[in-house]
Amino acid sequence: MIKFLDLEKVNNRFRKETDERIAKILDKGWYLQGEENETFSRHFAEYCGAKYCVGVANGLDALNLIIKAYGFGPGDEIIVPANTYIASILAISENGCTPVLVEPDINTYNINPDLIEEKITEKTKAIMVVHLYGQAVQMSKIWELAKKHNLKIIEDSAQAHGAIYQGKRTGNLGDASAFSFYPGKNLGCLGDGGCVTTNDEELFNKVKAIANYGSDRKYHHIYKGVNSRLDEIQAAVLDIKLKYLDADNERRRQISKYYRDNIVNPKIILPKTYDEKSHVWHIFAVRTENRDKLQKYLEDNGIQTNIHYPTPPHKQGAYKEWKDLSFPISEEIHRTILSLPMSPVLTDYEVEKIERIINKY
Ligand SMILES: *Cc1c(COP(=O)(O)O)cnc(C)c1O
């Protein structure tokens, strides 16, 4: 069976380095808010080209903390793509804000910049862009809109570590950016992890304090904070893996290029990119009319696939109030999409086998 994602293989490439670094932490006996967190945060900020980075417990918290730190709450609206992973939307509702859904572009699967302005009201506070499947959102029009209407841009970069738009990386394309280091992400740790990057010193200090019980120094609580921290072991693992992120993303691009050049089955719609550097192929999502049939066929032929995502957020039980809303493009994507195996540890042999079997479908 070709696995959708072989995480054991992904992480055991760095086994020796990881063992040594974790041993050091055990020897030292310091597990939170220490040197590893500081080092990784500095390295990741540099990598993104952002001034600041604060490690937090996971990607959802990173989004949550950004919204909280800006002080957005009940009565405020935040624009978000209708086809995102539900975390983006949950972070908005969690703060009492209203998520305003916008349809994606069927070609990029990212929010359609041309449909945003009609959704802006006096209540709109921010546009949350989601670099879905690993492709950086084409920002130029969104930058103009944010400036014109005085809105913050919040990036959900959970799927797009390292993607580049106009020479800048995700994490540096808006006012603040949330990353997830969930094990399956392009940069993933050995459990939960996340971070916020920003160039805004005030926001950075606020997120950092809120994430640590609202305290800017020990036993001095200036906000009603939460506990959301990146532990030393996860920070150490991430600091090791960050060195290999560009090479891993390059390998993903190679695999994606091979799929796109060689899968010629007319039943399969391949994903597109407007610029190779803009995409880090967290997910290689094809579309086909009878998705379940294709998934079953691939499984019968030893290829594991996944669906990102089977149900659009507005059709989820959590958002019953939206059940009558209609987002035809999102619905079409959710109905037809299927994710092929994609990871830096797939071999050429496996990639070629996948291509051959799909072409025979
Ligand atoms: C993974 C993901 C998140 C949430 O990250 P967690 O670390 O699992 O909380 C948020 N947004 C998107 C688009 C994601 O893919």
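Here the structure is a predicted model, which means the values were calculated and not measured. Start at 1 and go down the list; that is how both ligands and their atoms are numbered.
- Minimum interatomic distance between Asn110 and Leu132 (heavy atoms only, all atoms of both residues): OD1-N, 2.9 Å.
- Salt bridge status for Asp114 with Lys141: present, with a side-chain N to carboxylate O gap under 4.0 Å.
- Between the side chain of His279 and the main chain of Trp281, a donor-acceptor pair closer than 3.5 Å is present.
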List, for ligand 1, each N/O atom that has a protein N/O partner under 3.5 Å away, with both atom names and the distance.
| residue | atom | partner | partner atom | Å |
| --- | --- | --- | --- | --- |
| ligand 1 | 5 (O) | Ser180 | OG | 3.2 |
| ligand 1 | 7 (O) | Gly59 | N | 2.8 |
| ligand 1 | 7 (O) | Ser180 | OG | 2.6 |
| ligand 1 | 9 (O) | Gly59 | N | 3.2 |
| ligand 1 | 9 (O) | Leu60 | N | 2.9 |
| ligand 1 | 11 (N) | Asp156 | OD1 | 3.2 |
| ligand 1 | 11 (N) | Asp156 | OD2 | 2.7 |
| ligand 1 | 15 (O) | Gln159 | NE2 | 2.8 |
| ligand 1 | 15 (O) | Lys185 | NZ | 2.7 |

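- If you check the side chains of Thr305 and Gln295, you find a donor sitting under 3.5 Å from an acceptor.
- Ring geometry for His161 against Phe179 counts as tilted: the plane angle lies between 30° and 60°, on a 0 to 90° scale.
- A salt bridge (Lys or Arg N to Asp or Glu O under 4.0 Å) with Arg21 holds for exactly one of Glu35, Glu232, Glu36; it is Glu36.
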